[in-house]
Each structure stands twice: as structure tokens, then as C-alpha cells.
Enquirer: 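Got a structure for you, written out below as C-alpha cells; questions coming shortly.
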Amino acid sequence: MAFRLFLFESVLMAKKKFYAVAVGRECGIFTDWATAEKQVKGFPAAKFKSFPSEKQAKEWLTNPVYATKKRSAKENDKPSVFYRAEPGEITIYTDGGALNNPGPGGYGVVIAEDDKVRELSGGFRLTTNNRMEMMAAIVALTEVQACDKRIRLFSDSSYLVNGITKGWVQKWQKNGWIKSDGMPVSNIDLWTQLIELNTNLDVTFFWVKGHAGNEGNERCDRLAVAAAKQSPQVVDVGYEGVR
């Protein structure tokens, strides 16, 4: 019985982990995932990693770099499966946001066509989350404006996707850009651009959950955050000129 008890205690000790949070709401080392998760979940560009010992966790915190898996030359020639488009289609991921909302903002775009992947990003000195989500889609669709392929666009913005797929924007436009509650519609300049782009393209919008491990969405998020943090000086005229 004593041997069994010792073995059980050893297994428990072996499974203990230390969670190092380098970028999050609170940085440091945590001994349980529930507490560590609160520091990183939903936090832009969070950086964290688990370790079997506290020593390893401390060492990583001094230089928090993720180890990258070495890929073969053949693998490096191909885009990620998350990016790859079906034959005759173009797959697009978009994301955008503003620091402190409103504040400096950025957008990120990934466009996959055949075996090629393009990335686009940009920033504005003062804007909003919703405007950057819409701007990402506008930039992406403008980039593929001349094509006649089917397009699938993935975004984690319910505001953007529902506005298109549920017909909200068409109703707003028909009602003189007045919502059902009698209030004026925001971001009319960007909605107008999206309507025009959609008219000339075969595009379907899809909603994806943000910060949930979707590689395309995560990549766009990193591009958008990086653009917003680079002290952009471009003026979002639609926001700064007309609030």
C-alpha cells in the first residue's frame, strides 16, 4: 500500500506544470492554468508557455522566444492548410482593431489563391475596432477586384459579417442610412464601399471565432496589432472628419 501511495504521489508531482506569461494582463509564473488563462485569454498578442519546472519557466521569461519546428524544403514551398484555397476559389482572412478603441488602429489581411499567399496590413492614427474590421475587408476585396473566382472571406467581426449576410446594410441604405431605432448608421462611408465591391464580386462572408486558434485569423490579428503599434500617421478621414 505504501508503494502504491508513493507511486500515486509521484505521478501527481510529474504532472505539475508552471505557466510563464511574458505578455498578458499580469506577467509572471503561475502554477495553475485557470489563473494563467485569465492573464492571456482575449489579450492582444499574448505570449505564454508551459514548463515542467519553475527553473525552465524563469529561464524562458528572460528571453520569451517560441521554438519553431524545422520544416522541410517541400513543406516551406506550400502555404498552411488554413490558408490554402480550393481550386477556382480565393480564401481571405481579415481582422482589425484599435488600441483602446478609439485609438491607433490597424488591419491585417491574408489572401490565399492557388498555392500563393499574400499578406497586407496598414494602420491609422485614430480610428475604431469596427472601422478597422471593415477596412480589412475593403482592402482585401479591392486587391482581388479584377478576378472572377468565388471568394470566401472569413472575419471574427459579427458587426461586419451580420451587416452583409443578414441584409442589414441593404435595409439601412434603403431607409436613407437610418436604423430601425431611428438612429443614424455609423461608418456609412465604409458600408458604401463594401456594397460596391460586393456588387462586382462573387463573395461569401463567414464568421469565425477570434483568438480560438484559427491560424488565418490569428495571423491577421498579429498583422493588425503590429500595424496599430507602429505609431501610424495615416488619417482615417471617415472617422476624424465625420464622427
Enquirer: Quick one: CH2 on Trp207 to OG on Ser157, what's the gap to the nearest 0.5 Å?
Expert: 10.5 Å

Enquirer: Would Leu194 and Leu160 count as a side chain to side chain contact (heavy atoms under 4.5 Å, CB included) if you check the C-alpha gap in whole Å, the side-chain angles of each, and the deciding distance to 0.1 Å?
Expert: CA-CA 10 Å; Leu194 280 170; Leu160 168 65; 3.7 Å; yes

Enquirer: Looking at Cys220 and Asp95, what are the two nearest heavy atoms and their distance?
Expert: CB-CB, 3.6 Å

Enquirer: Are the side chain of Asn129 and the backbone of Ala98 linked by a donor-acceptor contact shorter than 3.5 Å?
Expert: yes

Enquirer: Are Phe205 and Asn198 close enough, and set up right, to give a side chain to side chain contact (heavy atoms under 4.5 Å, CB included), and what steps lead you there?
Expert: CA-CA 10 Å; Phe205 284 71; Asn198 288 339; 3.6 Å; yes

Enquirer: Starting from the C-alpha separation in whole Å, work towards a yes-or-no answer on side chain to side chain contact (heavy atoms under 4.5 Å, CB included) for Thr165 and Asn162.
Expert: CA-CA 5 Å; Thr165 61; Asn162 288 340; 4.3 Å; yes

Enquirer: Between NZ of Lys58 and OG of Ser53, what distance do you get to the nearest 0.5 Å?
Expert: 10.0 Å

Enquirer: How many angstroms lie between CH2 in Trp33 and NZ in Lys17, if you round to the nearest 0.5 Å?
Expert: 10.0 Å

Enquirer: Are Arg125 and Val235 side-chain neighbours, meaning at least one heavy-atom pair lies under 4.5 Å?
Expert: yes

Enquirer: Tell me whether the count of non-hydrogen atoms from other residues, nucleotides or ligands lying under 6.0 Å of CD in Gln170 goes above 12.
Expert: yes

Enquirer: What donor-acceptor contacts under 3.5 angstrom involve side-chain atoms of residues 178-187, with partners at least two apart or in another chain?
Expert:
from, atom 1, to, atom 2, distance (Å)
Asp181, OD1, Met183, N, 2.9
Asn187, OD1, Arg131, NH1, 3.1
Asn187, ND2, Tyr159, OH, 2.9

Enquirer: Between Gly106 and Ala228, which heavy-atom pair has the shortest distance, and what is it?
Expert: N-CB, 3.7 Å

Enquirer: If you look at every heavy atom in Ala224 and Gly96, which pair is closest and at what distance?
Expert: CB-CA, 4.0 Å

Enquirer: Within the side chain of Gln233, is there an N or O that forms a donor-acceptor pair under 3.5 Å with the backbone of Ser231?
Expert: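 Confirmed, Gln233 side chain pairs with Ser231 backbone.
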
Enquirer: So do Thr204 and Phe154 actually touch side chain to side chain, heavy atoms under 4.5 Å?
Expert: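 Phe154 does not reach Thr204 side chain to side chain.
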
Enquirer: Are any of the side-chain heavy atoms of Ile164 and Val169 separated by less than 4.5 Å?
Expert: yes

Enquirer: In the structure I gave you, are the side-chain heavy atoms of Met135 and Leu190 within less than 4.5 Å of one another anywhere?
Expert: yes

Enquirer: So, do Asp189 and Met134 sit near enough that their side-chain heavy atoms are less than 4.5 Å apart?
Expert: no

Enquirer: Report yes if the side chains of Ser50 and Tyr19 come closer than 4.5 Å at any heavy-atom pair, otherwise no.
Expert: yes

Enquirer: Can you tell me how far OG of Ser121 sits from CZ of Arg222, rounded to the nearest 0.5 angstrom?
Expert: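 Going from CZ on Arg222 over to OG on Ser121, the span is 12.5 Å.
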
Enquirer: Check Trp168, Trp177, Trp172 against Trp191 for a ring-ring contact (aromatic ring centres under 6.0 Å, His included) and give me the one that passes.
Expert: Trp172

Enquirer: Can you tell me how far CG of Leu201 sits from CD of Gln145, rounded to the nearest 0.5 angstrom?
Expert: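 If I round to the nearest 0.5 Å, the distance is 4.5 Å.
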
Enquirer: Using every non-hydrogen atom in the two residues, find where Gly123 and Val234 come nearest and quote the distance to one decimal.
Expert: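 Reported closest heavy-atom pair: O-CB, 3.4 Å.
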
Enquirer: Would you call Ile90 and Arg150 a side-chain contact if the rule is heavy atoms closer than 4.5 Å?
Expert: no

Enquirer: Please check if the number of heavy atoms outside Lys38 that lie under 6.0 Å from its NZ is greater than 12.
Expert: no

Enquirer: How many angstroms lie between atom CD of Gln56 and atom NZ of Lys49, to the nearest 0.5 angstrom?
Expert: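 Between atom CD of Gln56 and atom NZ of Lys49 there are 9.0 Å.
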
Enquirer: When you look at Tyr93 and Asn214, which way does the side chain to side chain contact (heavy atoms under 4.5 Å, CB included) test go after all the steps?
Expert: CA-CA 10 Å; Tyr93 286 91; Asn214 182 294; 3.3 Å; yes

Enquirer: Mind listing the closest non-hydrogen atom pair of Glu119 and Val110 along with its distance?
Expert: CG-CG2, 4.1 Å

Enquirer: Specify the closest pair of heavy atoms between Thr128 and Tyr239, including all atoms of both residues, with the distance to one decimal.
Expert: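 Where Thr128 meets Tyr239 most closely, the heavy atoms are CG2-CE1, 3.5 Å.
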
Enquirer: Does the side chain of Glu113 come within less than 4.5 Å of Arg118's, by heavy atoms?
Expert: yes

Enquirer: Please identify each residue that fulfils ring-ring contact (aromatic ring centres under 6.0 Å, His included) with Phe18, with sequence neighbours left out.
Expert: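 By the ring-ring contact (aromatic ring centres under 6.0 Å, His included) rule, Phe18 matches no residue at all.
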
Enquirer: With Ile111, which of Val139, Ile92, Leu141, Thr94 fulfils side chain to side chain contact (heavy atoms under 4.5 Å, CB included)?
Expert: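 Of the listed options, the one satisfying the test is Ile92.
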
